[in-house]
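Below: the structure, in structure tokens.
FYI, side chains are in, hydrogens and waters are out, and symmetry mates aren't considered; it's all heavy atoms of this structure.
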Amino acid sequence: MQFDMRQAVAGALTIGMVIMLLNMIGNGPLSPTSEDMIVSSEGQSDASMPMGDERLQEPMLRIRKHTVRHESLKLWGLPGPVLQPCWGKHIASVTKRTWGHILIKLSNGPHYHSSQVADAVVVSRYLGATLLLPIIKGAAKEPNSNFDKIYDVNTFIMSLEGVIRVVGRLPDDARSVTPTLVKVPYGVTPEYIEDNIRPIFRKKGVIQLAPFFPNMSVKTEKDSNHEMEEIRCLVMYKALRFSSQVRKLGEHLLSRVREAAESAGGHFVAVDLRVDLLEQKGCMKFEGSKKKKCFNAYDVGTFLARLGFSSDTAIYITQSRWNHSLDPLKDKFPNIYTKEYSMPFNEEKQIFYSGNTQFEKAIDFYICTHSDVFIPAISGMFYLSVAGERIATGKTQILVPTVKEDLSYHVQLSDAVSRYVTRKKHPVYSCFCQTSSENVTLNGETDAE
């Protein structure tokens, strides 16, 4: 056969163009056009798709994996701005000598402690009294639930230096005095202190505050008394920090769950889902109305699936011991963890007590504030407090479940983001300065104000 140079050159050029095209597909940036191409190619028959050519299959597979990864990144989102503290401008340093003592017993877990302690500091400041280091109710019967086991005492005292005086115990001449119990509402005002607390304090000298919530509504507008408002911010977001023991164990559990989330790059979802609270609120039934304040395991599983989370997504739930009512969630997402299965074996018997101790609630709070995504299945103070901590540190990936009767309904990510984030309807925004940069939403896009 006679050698034809023109045919050889043409053949070489054709092969070169094919190789160049393959390299562009395999290494080039992913565009909407290429995504559409992959979707259409999947619908082709075997005759139209050269399955035997690995050079074509491999670039296509890389694009498909890139597309899936891009979609999953939207679920985990990008961090928002870390807010800067704005308190301190109106807090004058205490110079006069204090008189009398204020005591307080904390209850219901860290999500209540911050507001309880903040009110105690405000009352002490207003009355010019010394605050006794807070006591946690029932701590004597619960392992590791004393104030100094859950919170960093040194940070607490040093942060309040110049604001109020804090001591560890009553002086000898006051130990024989039985403290008078005085009710204090959440967000106590100067008027309430003057009318209801000062007269008793002036007579007794030693009082114990009994916090209560007149209602669950929370103020989001700034208080007219700037000093009191800033003191509350100082206590809630600086003075009251977890102890090294809580942080150490919390980080250990975080590592375990992240190891189980290897397929998602270490990302995981934390869900506040406790069976006892669901039973109290009547949320255990699978069928529910469109307007709900709490969501059961079936609701949460359906919500996650409709958002697009893969079935191997790692999930941490605040329920300590497994309950059969959680099975509907595990059926959809088997990679699920509780403290019971995540706690180090050598520490389990020392710390894991009843599943409802103050220390165990502190661990849940820590995990939920540090997870990649937080989902509150129950509306209340835990949701409010965790959201505040997350927003302050830029962890704005907070998704709130919704209920739709149409099982084929796909939940839009933008519709699921907490209103605390999208509308800035949270008290934390009055404690931190607003940044001038654009807000980063959960789906990775930016919203200009």
E251 atom CD, neighbour heavy-atom count above 12 within 6.0 Å: yes
Test: C431-C86 SG spacing under 2.5 Å: no
Interatomic spacing from CD1 in I363 to CD in Q245 - rounded to 0.5 Å: 8.0 Å
Euclidean distance, M228 CE relative to T189 OG1, rounded to 0.5 Å: 7.5 Å
N-O pairing of D364 and R274 below 4.0 Å: no
Residue that, paired with S145, satisfies side chain to side chain donor-acceptor pair (under 3.5 Å) out of K141, K149, E142: E142
CZ/R423: more than 12 non-hydrogen atoms of other groups inside 6.0 Å: no
Within-4.5 Å side-chain heavy-atom neighbours: I135 and L106: no
Y429 vs Y420, ring pair (Phe, Tyr, Trp, His ring centres under 6.0 Å): CA-CA, chis, key distance, verdict: CA-CA 10 Å; Y429 290 107; Y420 288 151; 9.1 Å; no
Which residues share a side chain to side chain donor-acceptor pair (under 3.5 Å) with T369, sequence neighbours left out: none
Gap between atom CG of L249 and atom CZ of R247 - 0.5 Å precision: 12.5 Å
For S371, the option from H267, Q397, R390 that meets side chain to side chain donor-acceptor pair (under 3.5 Å): R390
Distance-minimising heavy-atom pair for S115 and M381: OG-CE, 4.4 Å
Heavy-atom donor-acceptor pair, Q412 side chain to S414 backbone, under 3.5 Å: no
Side-chain heavy-atom pair W87, E229 within 4.5 angstrom cut-off: no
Shortest non-hydrogen separation from A362 to F242 and the atoms involved: CB-CE2, 3.7 Å
Nearest heavy-atom neighbours spanning L384 and P427: CD1-CD, 4.2 Å
Lys/Arg N to Asp/Glu carboxylate O, E191 vs R198, below 4.0 Å: no
Expected output: side-chain R175 to main-chain L170 donor-acceptor under 3.5 Å: yes
Distance in Å, S385 OG paired with H113 NE2, rounded so as to fall on 0.5 Å steps: 10.5 Å
Least distance between heavy atoms, V300 atom then A377 atom: CG2-CB, 3.9 Å
M236 side, atom CE; E389 side, atom CD - distance, nearest 0.5 Å: 8.0 Å
Note, P110 side chain near K361 side chain (heavy atom, < 4.5 Å): yes
Nearest-0.5 Å distance, CD1 of residue I378 to CG of residue L278: 4.5 Å
Whether F374 and F382 hold their rings parallel, tilted or perpendicular, with breakpoints at 30° and 60°: tilted
Side-chain donor or acceptor of Q208 paired with backbone N/O of K105 under 3.5 Å: no
Full working for side-chain contact (heavy atoms from CB on, under 4.5 Å) between V166 and F156: CA-CA 9 Å; V166 182; F156 182 71; 4.1 Å; yes
Closest heavy-atom pair and its distance - N225, P190: ND2-CG, 3.7 Å
No-hydrogen, no-angle side-chain donor-acceptor test under 3.5 Å, R165 and T130: yes
Qualifying residues under ring-ring contact (aromatic ring centres under 6.0 Å, His included), relative to F303, sequence neighbours excluded: none
Full working for side-chain contact (heavy atoms from CB on, under 4.5 Å) between S418 and Y383: CA-CA 10 Å; S418 170; Y383 169 29; 2.6 Å; yes
S159 vs R241, side-chain contact (heavy atoms from CB on, under 4.5 Å): CA-CA, chis, key distance, verdict: CA-CA 10 Å; S159 298; R241 300 291 90 187; over 6 Å; no
R258 atom CZ, over 12 foreign heavy atoms within 6.0 Å: yes
salt_bridge(E227, R125) N-O dist < 4.0 Å: yes
Trace of the salt bridge (Lys or Arg N to Asp or Glu O under 4.0 Å) decision for K395 with D372: CA-CA 7 Å; K395 294 183 177 294; D372 299 283; 5.9 Å; no
Other residues, nucleotides, ligands: >12 heavy atoms within 6.0 Å of E161 CD: no
Donor-acceptor side-chain pairing of S320 and K339 below 3.5 angstrom: yes
Partner residues of Y366 under the ring-ring contact (aromatic ring centres under 6.0 Å, His included) criterion, sequence neighbours left out: H370
Non-hydrogen side-chain atoms of V184 and F212 separated by less than 4.5 Å: no
Side chain proximity check, V271 to T318, heavy atoms < 4.5 angstrom: no
Taking every non-hydrogen atom, the tightest pair across S114 and L240: CA-CD2, 3.7 Å
Mutual orientation of the aromatic rings belonging to F213 and Y186 [parallel < 30°, tilted 30-60°, perpendicular > 60°]: parallel
Donor-acceptor under 3.5 Å (D152 side chain, N154 main chain): yes
Student check: side-chain heavy atoms of I317 and Y337 closer than 4.5 Å: no
Minimum side-chain heavy-atom gap L399-L413 below 4.5 Å: yes
Test ring pair (Phe, Tyr, Trp, His ring centres under 6.0 Å) applied to Y316 and F268, step by step: CA-CA 8 Å; Y316 175 90; F268 76 97; 7.1 Å; no
Side chain to side chain, H226 and I231, heavy atoms closer than 4.5 Å: no
Audit row: V235, L160, side-chain contact (heavy atoms from CB on, under 4.5 Å) steps and yes/no: CA-CA 8 Å; V235 174; L160 295 176; 4.0 Å; yes
K330 and D327 ion-paired at < 4.0 Å: no
